[in-house]
Each structure stands twice: as C-alpha cells, then as structure tokens.
Number of protein chains: 2
Amino acid sequence: MARSKATINDVAKAVGVHPSTVSRVMNPGTRHMVTAEIAKKVTEAARGLGYHRNALAHSLRTRRSSTVGVVIPDITNPVFPPILRGIEDTLAAVGYIAIIANTDGAPDRDAVVLEHMLARRVDGLILATARRKDAVVDRCIAEEVPVVLINRTTGKDSVVPSVVNDDVRGIGLTVSHLTGLGHRRIAHVAGPQDLSTGLERHRGFLAAMKAAGLKADPALIAVAGVYSEREGQRALLTLLDGKKRFTAVVAANDLLALGCYEALVSRELSCPRDMSITGFNDMPFVDKLNPPLTTVRIQHYEMGVQAAKVLLERITDPQARRVDLRLEPSLVVRGSTGRPAS
Amino acid sequence: MARSKATINDVAKAVGVHPSTVSRVMNPGTRHMVTAEIAKKVTEAARGLGYHRNALAHSLRTRRSSTVGVVIPDITNPVFPPILRGIEDTLAAVGYIAIIANTDGAPDRDAVVLEHMLARRVDGLILATARRKDAVVDRCIAEEVPVVLINRTTGKDSVVPSVVNDDVRGIGLTVSHLTGLGHRRIAHVAGPQDLSTGLERHRGFLAAMKAAGLKADPALIAVAGVYSEREGQRALLTLLDGKKRFTAVVAANDLLALGCYEALVSRELSCPRDMSITGFNDMPFVDKLNPPLTTVRIQHYEMGVQAAKVLLERITDPQARRVDLRLEPSLVVRGSTGRPAS
DNA sequence: GCAGGTTCTGCAAACGATTGCAGGGTTTAC
DNA sequence: GTAAACCCTGCAATCGTTTGCAGAACCTGC
C-alpha cells in the first residue's frame, strides 16, 4: 500500500487550516460551507501534494463502501462478460465499483463468497447464481443488504427485485419459427430445472407447442443437469437413442446447442438437413459456427445496466418498491434451422 | 441484522473482556497470546453474534487492503476471462480479491482508472494494458506500488516484472507449420506495433521466415491498427489487392484471423484450399469455426495464476528480484491450414 | 451601539479494528 | 522468603475521514 500518500492532515497543515476544513472542500456536498478563497488554496495544495482521499477511511466513517458484489457462476461462460460490462459501466458512472466472484455453481462456495463480500461491507449485491430455493438470497434478506437478481430468479413469490429475460417468450419465438418451417415433431433439451431459466424455458416450450396445436411429447424432452456442452451432447444422444423420431430440437441455451452439434456429428447427421437446432443467448461467435446457430438474442449488456440501476436505487432508498424487469428477447435466424426433410 | 453489525466491542462486552483480547483471538498470528479457555469463550461468542471482521477498519489500521487492481482492455474479449479466473482463484486462496477495470484501450481512461484504484489503496496492480511507452506504469513506479505486467510488456529495459507468452516462439510455430506444408509465399497480418505483442509477433515472423530460408516480403505485411475482426478483414483485403500473390497468412491474433475469414468470403476464396490462415491465442470456440482455426494455444489460466503469484510475492517483499516469466505456447493444428494449391 | 442573525472554521468524537507498552498475577530459582 | 522471569490482559493511541456542535467574526436593521 502506498506509503508516501498525502493525507487530509498534510494538506491542512500545508494551508494552515483544520483538517475538517479540507474535508469539507474535498466533499462536493459541503464545499459551499467554506470561503471560495480558502477552498481554492486547499484544492491547490491538494493537487500539489498529490492528495487523493483514502477510500478505506472514507468508507469506514460514512458506512458506505461504494462497492457492490457481483456473484456469477463462471466468468469464462461467454454470457457473462457483456453483462458485467453493463454493470461496471453503470456503476463506474457514479463512482461505484464491482467486486466479482465465481462460484462455479457450487452452493457451498456461495456461502463463503457471500461472507467475504459482507466482510468488505458491500453496499449491495447482484446475484446471477440464484437457485429456485436459495440460501444466499435468504441470508441477504436477513442481513438487510440490498440485492438484485439477474438472469435467474428464485421462486415466484420472491421479495427481491430481479432483471431477467422473458424466457417464455424467447422459447416461444424458436418454436413458432420451427413450426413455421413445417416442423411438427420438435424435441427439447431442457436446462437444469432448479434454475429459473431452465424451468421457465421448459414451461415456455410446453406452452408454445400447445399454442401451435402440437403436443409436446414427454419422450422428446431430455433434461440437462447443468448448462454445458457435454450435457447437451449427452441429452441429445439420449433422445436420438429413443424410439420417437423428430426433426428439430430446441435447446435451452447455446452451450447445450453446441453439444447437440457434437451429437449430430457423432451420429453422422447433418444440420439443418437432418435436424434443425436452436439455441438461447446468442453468445459471441455462435454466428461463426458451422452452421451458424439460430438462437434467441438477449440483451446482455442492457441487463447489466438495468440490474445496476435497480440496485443503486435500492441502495439509496431501501424502501423503494420492488421492481421486476423482464427484458424482451428476439430471434436471430441463421443456418442451423431449415425445412424438415419431409 | 444485529448479525452483520456486531463489532469486536460487542463480542468483548458479551464475554467480559477487553476488545484487544478479542482482536488477538480473531487473529491467527496472535491467538497464542491468550489463554485457551478465554479464546474458546470469545470464538463462541463471536459465532453466536455472527461477528465478522470489518475489512475496511482492518485495512485502514494495518495498511493492507488485501485487494489488487486488474486493468484490462475489455472483458468481452474472450482472451481475458480465463486469465482473470487464474488471477482470482490464486488471490482468493490467500484471502485477496481483485477489482477489475476495463479501459477499452483508451490511454486517458487508464489514468482515471489508476487513480480510482490507488484511492482504494490496492496492495498491487496487474496490468494487461501496457503500451510500449506507458505513463501508467511509470506512475506506479513513482508511487512505489507493486505492479506486474501481463500478456503485454513495455520496452525491453523495463524494471517491472512481467508474465507474457513467448510470442516469437509462438509465431515461429505457425511459420514452420506452414513451410512444412509447402508454403513459400506467406503473408503476415500484424498487430498494433505499439503493443509488445504486435511488435514481438512481427519480429518473430521475420525471424522465422529467415530461419526457413525464405524472405519476408514487405509487400506481404499489413499492419492492423487494433486487434479487431474489422481490422483483420481490412488488412487482408489490402494484401489481396496488392500485386504479390501468396498462399498463406499468419495473423497476429485470432480476432484478426476471423477478419481474414470474412475477407476470403467476400472475395469468394476458400480456406484452406485457396489460402491457409493461422491465428494466435486459441480463443474459446475457434475450434468450432468453419473451418476450425489453426492457431497458437497460450496458457491463459496459467498466465493469470503466475501473474498473481508474482504480484503477491512482490507485495510481501517489495525488494524481491524482478522476474520475467515467458510462457511456452503450443501449436494447435486444425482445418484452416493445408497444402498450397500448387 | 446593540440584539439578533449569518457565515464560516475549529474542536473533538466517532467509525472498527490493531498493537506497543505497562502492570497484575503466577511461577520459578536461589 | 524474595527477586527474577514469565505469561496474560487491559490501556490507550492510531489508521484517515466525517460531522454535530460551539464559538468567533461579520453583518443587518433599528
């Protein structure tokens, strides 16, 4: 840590005023309390000495750290970087910073990460790791620290605000796209059902099929244990090994869809000739795949921005009414979907 | 709520001892100073009250924030997430955390980001944004805050430690792979020459060509202004518009290589039939491209780990001898390279 | 010239922890 | 039996800021 850093006392001494005066000058909200002339001398001395407020001492005294914790499963999942940018850019604009922790989806890591963040006295938390029943969320409520859930949410009766995608609608877009192409027997590689995204997209799939006048065959639904390429591959292979035939598969996210690609390759099936595939998230570079992936585009960056805004509002006014934002997804049609080979 | 608010004084009062005693119990290094019996009572009371040390107060008093700043160009660049994981995992193991800032490569953002981090009294910095002449690095040296450069480095006479790839060797691998396939006329889409990576890879290209007994034709080298798909596309188009013919192109990184793909598509050339292409970095998902990209794999995660280790060492012993680590790259041969169409 | 009102600045107590020093108590040694 | 040696624990200062309160100085109006 910087040893030679000038403190408020040094500045005060240099100008010949009391430290509290310097404090008032450095603080926009109280600058008006001190004579313009003195203020000028103080700012000059401060600049001359290279003074910068010690954020630690400031936070300790004011009980505001201007820090928020962001908990995500894994930053190497390409969905998260744009979200983080949205969060960080928004926070930075008001002098806040984010500290990030990866949990790898392990609920026990959650707890220790949370303690760490509470110890650092974060002003609030953004959680992208919420499970439908989530101890961490409960803990935060008990501790009365402002929280907003992002991407995923807990049970529907949640009391904490959230910013999520309209998962039901998003899946609906893929299904109607496929039925529009003439597909009737559509399979679903569902995500983990203890995550709101997995559950909602599953529900959305059932609803959309029904709306299209088709029946969603339970034998054509495979559930992945986690969102990963490997699980997607496994799930689709299971379906292919089943008795029921199908011409298209709606994957609950892009990673699962990638796994589906692999499964097709290993069975020497061609996409989209033998099988159409759709994803969810429009991760970076899925437009470069072979074939380019038809998927649901979500507003990554915007999601981060909104989550940060909601949280900041919560921090300044803890009594603020809870909001639940649901961002509008859109369909990006690319090469992985086509007419069924009659 | 009383839980997060519990201070060392509350615990002291509950047990009937002095706060300093509690402090000594909570601190592993001083626990031996207090009777086992009292220590037990203190820890129990602490647990009961849900006491957790206030990291802010602790840092203020001890002048160690257990925080390091990480400055990167842009987290949405897929190279960085694995590096960050390496950093964060390593730091977390010893109770440190990272705060991350994106500069978008803008040198003026650098400065404000740096001030922010210094204000938060980071114990050290990891910079992935170094230019060959870098004001921020100079500033850190002046402030005597420990720094390590990652991925890129400054001029060769630098006094700060660094953890980088062996760029020269990496490029050498691509060139000898191509010459091994029979290519003789090889072009180079170089990166920005004010970044060490761009410069070193350029040098490496020249050296490798020479070593292969070929001459690197200046007319077959195009320099990209930034590492981006667009610049890669522009650069290759420029080369294709030139008089000189060539059968392969060595791009200075994967994003540039992606741009080269686009350029070929727009000229209706096929890779690798008409033109072989190599990248650098082995970003996630480049194995899924069409064709899969032959590229240089670097040790992303390990780079983060090493950088964090070097920094931690520097923090505990500022006099430690400077180290420069150079990580070994390897070649990953995929579908984007083949024999030249004689 | 004086009561009453405005500004401004200084004082000192926090915020929550750590730590050198001193003193009380117990044990050991002679 | 007493001095020396030890082991604990408490005291109080400190890290760098902020902020309620008090008082000094100046101004205003009568």
Side-chain angles (χ1 to χ4, degrees), chain A residues 1-42 45-46 49-67 95 118-123, chain B residues 2-43 45-46 49-67 95 118-123:
Chain A
M1 214 137 99
R3 59 250 75 251
S4 56
K5 268 292 193 180
T7 79
I8 217 170
N9 292 290
D10 301 329
V11 178
K13 219 162 290 173
V15 183
V17 296
H18 194 269
S20 60
T21 303
V22 178
S23 169
R24 286 190 259 258
V25 173
M26 301 321 266
N27 226 298
T30 50
R31 179 167 8 241
H32 69 94
M33 291 179 170
V34 22
T35 321
E37 189 190 2
I38 292 191
K40 184 148 161 281
K41 280 207 276 193
V42 168
L49 294 172
Y51 169 78
H52 282 102
R53 160 164 87 196
N54 184 325
L56 262 31
H58 176 261
S59 297
L60 177 60
R61 177 59 227 242
T62 60
R63 296 160 155 276
R64 280 198 311 109
S65 61
S66 298
T67 301
L118 292 179
R120 298 212 173 230
R121 294 302 189 269
V122 292
D123 292 337
Chain B
R3 317 205 354 123
S4 74
K5 299 252 190 120
T7 79
I8 215 171
N9 292 290
D10 300 330
V11 179
K13 219 163 290 173
V15 184
V17 297
H18 194 269
S20 59
T21 303
V22 178
S23 169
R24 286 189 259 260
V25 173
M26 300 321 268
N27 224 297
T30 50
R31 185 179 349 257
H32 69 95
M33 292 180 169
V34 23
T35 321
E37 188 191 1
I38 292 193
K40 181 146 163 284
K41 279 206 276 190
V42 167
T43 41
L49 293 172
Y51 169 78
H52 284 101
R53 161 163 87 194
N54 183 325
L56 263 30
H58 177 262
S59 297
L60 178 60
R61 177 61 226 244
T62 60
R63 295 160 153 274
R64 281 198 312 108
S65 61
S66 299
T67 301
L118 292 180
R120 296 206 174 236
R121 295 302 189 270
V122 293
D123 290 339

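The chains referred to below are lettered A, B, ... by the order of the sequence lines, with proteins before strands, and numbering in each begins at 1. Side chains are part of it too, since the values below use all heavy atoms of this structure and drop only hydrogens, waters and symmetry mates.
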When we call it a touch if two heavy atoms are under 4.0 Å apart, what does A/T35 touch: a base, just sugar-phosphate, or nothing? sugar-phosphate
Below 4.0 angstrom from OP1 or OP2 of D/dT17, is there any side-chain N or O of A/N27? no
Sugar-phosphate, base or nothing in reach of A/V17, heavy atoms under 4.0 Å: sugar-phosphate
How many whole angstroms separate atom CD1 of A/I8 from atom P of D/dC15? 14 Å
Counting only distance, no hydrogens or angles, is the base of C/dA14 paired donor-acceptor with the side chain of A/R61 under 3.5 Å? yes
Below 4.0 angstrom from OP1 or OP2 of D/dT18, is there any side-chain N or O of A/R53? yes
A/R31 atom CZ is separated from D/dT19 atom P, nearest whole Å, by 15 Å
Please give, in whole Å, the distance from C/dG16 P to B/L49 CG? 14 Å
Of the candidates D/dG16, D/dT17, C/dT9, the side chain of A/V34 sits closest to C/dT9
Please confirm whether the backbone N or O of A/A57 pairs with a side-chain atom of A/N54, one donor and one acceptor, at under 3.5 Å? yes
Quick check: closest heavy atoms across A/D123 and A/R63, and the distance to 0.1 Å? OD1-O, 4.4 Å
Any A/H58 side-chain nitrogen or oxygen under 4.0 Å from OP1 or OP2 of D/dG16: no
Is B/R24 near enough to D/dC8 that one of its side-chain N or O atoms lies under 4.0 angstrom from OP1 or OP2? no
Can you find a side chain N or O atom of B/R63 that sits less than 4.0 Å from OP1 or OP2 on D/dG16? yes
Report yes if at least one side-chain N or O of A/H18 is closer than 4.0 Å to OP1 or OP2 of C/dC11; otherwise report no. yes
Expressed in angstrom and rounded to an integer, what is the separation of A/N9 atom CG from C/dA12 atom P? 15 Å
Where the side chain of B/L60 is concerned, which of D/dG16, C/dA17, D/dT19 is the nearest nucleotide? D/dG16
Across the strands shown, which category fits B/S20 at heavy-atom distances under 4.0 angstrom: base, sugar-phosphate, nothing? base
Atom CD1 of A/I38 and atom C1' of C/dC8: how far apart are they, to the nearest Å? 8 Å
Which is true for A/T21 with a 4.0 Å heavy-atom rule: it touches a base, it touches only sugar-phosphate, or it touches nothing? sugar-phosphate
Which part of the nucleic acid, if any, lies within reach of B/L56 when heavy atoms closer than 4.0 Å are counted: base, sugar-phosphate only, or nothing? nothing
Within the side chain of A/T35, is there an N or O that forms a donor-acceptor pair under 3.5 Å with the backbone of A/E37? no
